[in-house]
Trainee: 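Quick one: the structure is below, questions incoming.
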Amino acid sequence: MRNLLPLISSHSGGRSALTCRFRCGDACFQEIPNTSENEYAGDIIARAVSRRSMMRAAAVVTVAAAAGTAALTGPNAPQAEAAALAGHGHKPNPPHKPAPSGARGLRFSPVAPNKNDKVTVPDGYSQNVVIRWGEPILRGAPAFNPEKQTAKAQAGQFGYNNDFLSLLPLRGERGRQVLVANHEYTDEILMFRGYDPANPTREQVEIAWAAHGLSVVVVQEESRTGKLGAVSRHPLNRRLTATSEFRVTGPAAGSDLLRTSADRTGSRVLGTLNNCAGGTTPWGTTLHGEENFNQYFANGTTAEHKRYGIGTGATERKWERFDRRFDLAKEPNEANRFGWVVELDPYDPDSTPRKRTALGRFKHEAAEPRLTSDGRPVVYMGDDERFDYLYKFVSSKRMKKGTSRAAREHNLTLLDEGTLYVARLTGDSPASEIDGSGKHPDDGEFDGSGVWIPLATGTTSHVPGMTADEVYVYTRLAGDKVGATKMDRPEDVEPSPRTGRVYVALTNNTDRGKEGKAPADEANPRNLNKHGQILELAENWDDPTSDGFAWRLFLVAGDPNDPSTYFAGFPKDRVSPISCPDNVAFDDHGNLWISTDGNQLGSHDGLFGVATHGDRRGELKQFLTVPAGAETCGPVIQDRRVLVAVQHPGEVDGASVEKPASTWPDGPGKIVRPSVVAVWRKDGRDIGV
C-alpha cells in the first residue's frame, strides 16, 4: 500500500496567502458571515433517527421511479434498492478487477501528481496556448507590452485571470467557434513592476478595471490537430469590463435597494466583478456568476454588508479612492448591484448583458441550467462561502426552439420569472455515527433526503418578515430564516445531461467542527475539512421542478490511502489522489470532469475525469496539472479537445513581477500570464477512447 501523500503548508485550503489576498479578500481569515442559528444538519439527523426506516423507504420509491437516479442507493441497501439500480442500468460495483481499458472517455494514462512549472498532459497528447492575458482581440488594440500597459489598451485585450470558459458553434465559418471567458480578478502585484499596495496609481486601478469582466473571442481550429488560436478583431469579439453598462432585470429591478445617486432607476449598473464559473444555456447564451464581489467595497456599515463579508475599512485595491461608488459610506447600495448571475448573448456584440435578479444575490460560483420535460429552464447554483447554501431557480416560462429573432427575444426573458429555492439536507444515519473523521455510518453511505424551500416567486415572498425585493437582494438572509443547510463551500453545481443527476462540488471547509462552528454532519462529514467532497443529488421522480430530492456523497476527496476518502465504491488503489474540487463539467460519455483549487496533497492543481455510471463508477484519473501557483479553471470537454483556463500562474507567496515564481507560459524573462490552453490527442482521435 502507498504511504499517505505529504501535506504542504498553506494559507487556507492549499491556497497561497497571495491568492487569498487578491482573489477573495482573505475571506477565510475574516469572521464567517453566516452567524445564523440555523439547525445544523447534524441536529436534524439526531431528531430524524426515529423516521430513518420511513425515509429510506421513501428514497427507494423515489429512486425506483426516477430514470437515472438509481445510483443514490448504497452498497448495503436492501435488495429492493439494488433491483432499482439494476433496472436503470446502474449496477453496484462488483468486487472484481476492473477491465484494464478503463471507462470510455477516460482511457488515458493518468498524469502523476507533480510540481512541474508547465501544463503536464498524458502521454500521446499535445497542447497549445489558445490566448494569453493582454492579447489584442478588438480593432485598434495594441500588442501587449506589460511595461507600457494602459487602461485603453487593456480594454481591447484579453482580460486577466481567466476562469469559466464556454465554446459555442459559429455557423457559416468553417473551423471556428466562439470562446467566452470570465476574468475573475486582478493580481496587481504580478501585473505591475514596482507595485505599491498602499498607494496604487489611477492608471493601475483603471487597468485593473479593464482587466476584469468578460471576453468574447472567435477561435480558429487548425486542420488535422486540436490546436486553437484566437481570431483577433473578429466582428463578434468583445470586452465587458468593470465600467461597461449592464441592465438589471427581473423582479428586483428598480428596487429602492438597488438605487444609487448615479442610477436613481435601480436598473443600470456599471461593470461586472469577480466573475468565477458560469454556465451555457440551451438557447445559446452564457451565464456568469459574480462571486467575491464583497472585497471591492470599503466602509461597510450595515448588518447586511457584514452578512455578505464586506469589511468596515479600506479595501486591498483602494478603488474607493478613485470612484466613490466603491465607498459604501457614500453609496451604501452600490454593493447590492453585484453578486448576481449575468446573462450574455455572445452572438450579438451590440447587446447589453443582463443581471438576473430572479436568481438571487450571493457569491455565485456558477449557474448551470437544465430543461424540464415541458421546456422550462432550471438553474442550479452554489454560494461559495464556508457554511453557506445550495440553491435552484425554476422558470415559469418555456423555451422557444429555433434561432429566429422572436425566439431569441423570448428566451432572453426566461430567467426573469420563476421561483427561487434553497436546499435543506437531512441525513438518514444517527448523529452518533457521524463523528467528524469521515468514517462511514453503519449503513455504508453518507446519504439522505432533502427539500427545496421556496424563497420567492415573482413579487411574492415566501419568507416571513421579508419582502420579495429583500429576498432577492439579501438572499443569504432569506436562507438563514428558513433554516437552509450549512455546506462546505458549495461551488460549481452541474446537472448530468445524460441522467439528470446533479453534482455539487464542495471545495473544503477547514472551519468545520471548530469550537463555536457547525460540526460535521452527514453531507459534510469531516471536521477541519481540507480536501472537500462531491455530492450527488437526484430530484424526486427525476423532475427538476420537484420540491424534494435524494442525495449521497459521490466522492470524498483526498489521498486514496486516507480511510476517510471514498470514490463511489471504486477500488481506491486504482484512482488518482484529488483535493479541493472546484469546477465540474461533463463529457458526452457521462463522465464528470473536475478541476481543483488549492490542492492539499503536495501537487499542483489539475483536471480529473471520473466515471459516474456503470461498473467503473468512481474510477477517477488525473488528466493534467497546471504550473506553479496556478489553479485549473474552465474546463470545456469536447470529443477531440479539452480546454482549461490556467488562472493565476505564479501566484506564490513572495512573488512579484521582479521575483516571479513561475516562467509559464513564455519562459524566463517574460511576465507570467494567465492563459487558456487546449489539449488534444496526437493521433487525432477522440479524448479517452
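Below, all heavy atoms of this structure are taken into account, side chains as well, without hydrogens, waters or symmetry copies.
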Trainee: Okay, side chain of K392, backbone of V378: is any donor-acceptor separation there less than 3.5 Å?
Mentor: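 No; zero donor-acceptor contacts below 3.5 Å.
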Trainee: For Y125 and I687, what are the C-alpha separation, side-chain angles and deciding distance, and is it a side-chain contact (heavy atoms from CB on, under 4.5 Å)?
Mentor: CA-CA 9 Å; Y125 285 77; I687 301 290; 3.6 Å; yes
Trainee: If the plane angle is over 60° it's perpendicular, under 30° parallel, otherwise tilted; pick one for H648 and Y185.
Mentor: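 Plane angle between 30° and 60°, so tilted.
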Trainee: Can you check side-chain hydrogen bond (donor to acceptor under 3.5 Å, both in side chains) on E365 and N583, steps first, answer last?
Mentor: CA-CA 9 Å; E365 167 73 19; N583 298 145; 2.9 Å; yes
Trainee: I'd like to know if the side chain of T243 reaches the main chain of T241, judged simply by a donor and an acceptor atom lying under 3.5 Å from each other, with no hydrogens or angles considered.
Mentor: no
Trainee: If you draw a 6.0 Å radius around CG in D683, do more than 12 non-hydrogen atoms from other residues or ligands fall strictly inside?
Mentor: yes
Trainee: Looking at P490 and L506, what are the two nearest heavy atoms and their distance?
Mentor: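 In this case the closest contact between P490 and L506 is CA-CD2, 3.5 Å.
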Trainee: So which atom in N162 and which in C633 form the shortest heavy-atom distance, rounded to 0.1 Å?
Mentor: O-CB, 4.2 Å
Trainee: Taking 4.0 angstrom as the limit, do D383 and K363 come out as a salt bridge?
Mentor: no
Trainee: Measure from the ring center of H212 to the ring center of Y296 and say whether it is less than 6.0 Å.
Mentor: yes
Trainee: Say whether, by atom type as modelled, one donor and one acceptor occur between the side chain of R239 and the main chain of S244 under 3.5 angstrom.
Mentor: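 Not confirmed, R239 side chain does not pair with S244 backbone.
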Trainee: How about E184 and N161: does a side-chain donor come under 3.5 Å of a side-chain acceptor?
Mentor: no
Trainee: Would S662 and D117 count as having a side-chain donor-acceptor pair, cut-off 3.5 Å?
Mentor: yes
Trainee: Partners of R132 by salt bridge (charged side-chain N to carboxylate O under 4.0 Å, His left out), sequence neighbours excluded?
Mentor: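 For R132 the salt bridge (charged side-chain N to carboxylate O under 4.0 Å, His left out) partners, ignoring immediate neighbours, are E135, D666.
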Trainee: Please find the pair of heavy atoms, one from V180 and one from P346, that lie closest to each other, and give the distance.
Mentor: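 Residues V180 and P346, closest heavy atoms: CG2-CB, 3.9 Å.
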Trainee: Could you tell me whether a side-chain N or O of T596 sits under 3.5 Å from a main-chain N or O of N599, the two making a donor and an acceptor?
Mentor: no
Trainee: Could you tell me whether a side-chain N or O of T612 sits under 3.5 Å from a main-chain N or O of N591, the two making a donor and an acceptor?
Mentor: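 No, because the side chain of T612 does not come within donor-acceptor range (under 3.5 Å) of the backbone of N591.
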Trainee: Could you work out, with ring pair (Phe, Tyr, Trp, His ring centres under 6.0 Å) as the rule, every residue matching W452, not counting sequence neighbours?
Mentor: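 So W452 forms a ring pair (Phe, Tyr, Trp, His ring centres under 6.0 Å) with F549.
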Trainee: Identify the residue among N182, N275, N274, T272 that makes a side chain to side chain donor-acceptor pair (under 3.5 Å) with E290.
Mentor: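 Of all the options given, the one that passes is T272.
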Trainee: Hey, is the main chain of A103 close enough, under 3.5 Å, to the side chain of E619 for a donor-acceptor pair?
Mentor: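 Yes: the side chain of E619 pairs with the backbone of A103.
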Trainee: Between R640 and E221, does any side-chain N to carboxylate O distance fall below 4.0 Å?
Mentor: no
Trainee: If the test is ring pair (Phe, Tyr, Trp, His ring centres under 6.0 Å), which one of W209, Y160, F158 qualifies with H183?
Mentor: F158
Trainee: Could you tell me the separation between the CG atom of L179 and the CG atom of N237, rounded to the nearest 0.5 Å?
Mentor: 9.5 Å
Trainee: More than 12 non-hydrogen atoms from neighbouring residues, nucleotides or ligands closer than 6.0 Å to CZ on R176, yes or no?
Mentor: yes
Trainee: Hey, mind stepping through S546 and E539 against side-chain hydrogen bond (donor to acceptor under 3.5 Å, both in side chains) and telling me if it holds?
Mentor: CA-CA 6 Å; S546 171; E539 299 275 23; 4.6 Å; no
Trainee: Within a radius of less than 6.0 Å around NZ of K397, do more than 12 heavy atoms belonging to other residues, nucleotides or ligands occur?
Mentor: yes
Trainee: Using distance alone, with no hydrogens and no angle criterion, decide if Q638 and W680 have a side-chain donor and acceptor under 3.5 Å apart.
Mentor: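 Checked: Q638/W680 side chains show no N/O donor-acceptor pair below 3.5 Å.
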Trainee: Between P544 and Y380, which heavy-atom pair has the shortest distance, and what is it?
Mentor: CB-OH, 3.7 Å
Trainee: Determine whether the aromatic ring centres of F586 and Y503 lie less than 6.0 Å apart.
Mentor: yes
Trainee: For residues D605 and T632, is any side-chain donor paired with an opposing acceptor at under 3.5 Å?
Mentor: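 Their side chains do not contain a donor-acceptor pair, so the 3.5 Å distance test is not met.
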Trainee: Give the intermediate values and the outcome of side-chain contact (heavy atoms from CB on, under 4.5 Å) for residues V610 and I594.
Mentor: CA-CA 8 Å; V610 58; I594 307 162; 3.8 Å; yes
Trainee: Please identify each residue that fulfils side chain to side chain contact (heavy atoms under 4.5 Å, CB included) with H364, with sequence neighbours left out.
Mentor: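 If we apply the side chain to side chain contact (heavy atoms under 4.5 Å, CB included) test to H364, skipping adjacent residues, the hits are V341, F362, M381.
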Trainee: Would you say the rings of W340 and F246 are close, in the sense that their centroids are separated by under 6.0 Å?
Mentor: no
Trainee: Could you tell me whether the side chain of R681 and the main chain of D686 form a donor-acceptor pair under 3.5 Å?
Mentor: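 Checking the backbone N and O of D686 against the side chain of R681, a donor-acceptor pair under 3.5 Å is found.
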Trainee: Any chance you could lay out the side-chain hydrogen bond (donor to acceptor under 3.5 Å, both in side chains) test for S166 and T286, step after step, and finish with the verdict?
Mentor: CA-CA 7 Å; S166 180; T286 52; over 6 Å; no
Trainee: I'd like to know if D416 and R354 make a salt bridge, using a cut-off of under 4.0 Å between side-chain N and carboxylate O.
Mentor: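 No.
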Trainee: Does the side-chain contact (heavy atoms from CB on, under 4.5 Å) test come out yes or no for L412 and T249, once each step is laid out?
Mentor: CA-CA 10 Å; L412 284 171; T249 68; over 6 Å; no
Trainee: Are the charged groups of E536 and R617 less than 4.0 angstrom apart, N to O?
Mentor: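 Salt bridge flag = yes for R617 with E536.
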Trainee: Report the C-alpha distance between K118 and Q127 in whole Å, list the side-chain angles of each, state the deciding distance to 0.1 Å, and finish with yes or no for side-chain contact (heavy atoms from CB on, under 4.5 Å).
Mentor: CA-CA 11 Å; K118 63 180 182 178; Q127 60 175 293; over 6 Å; no
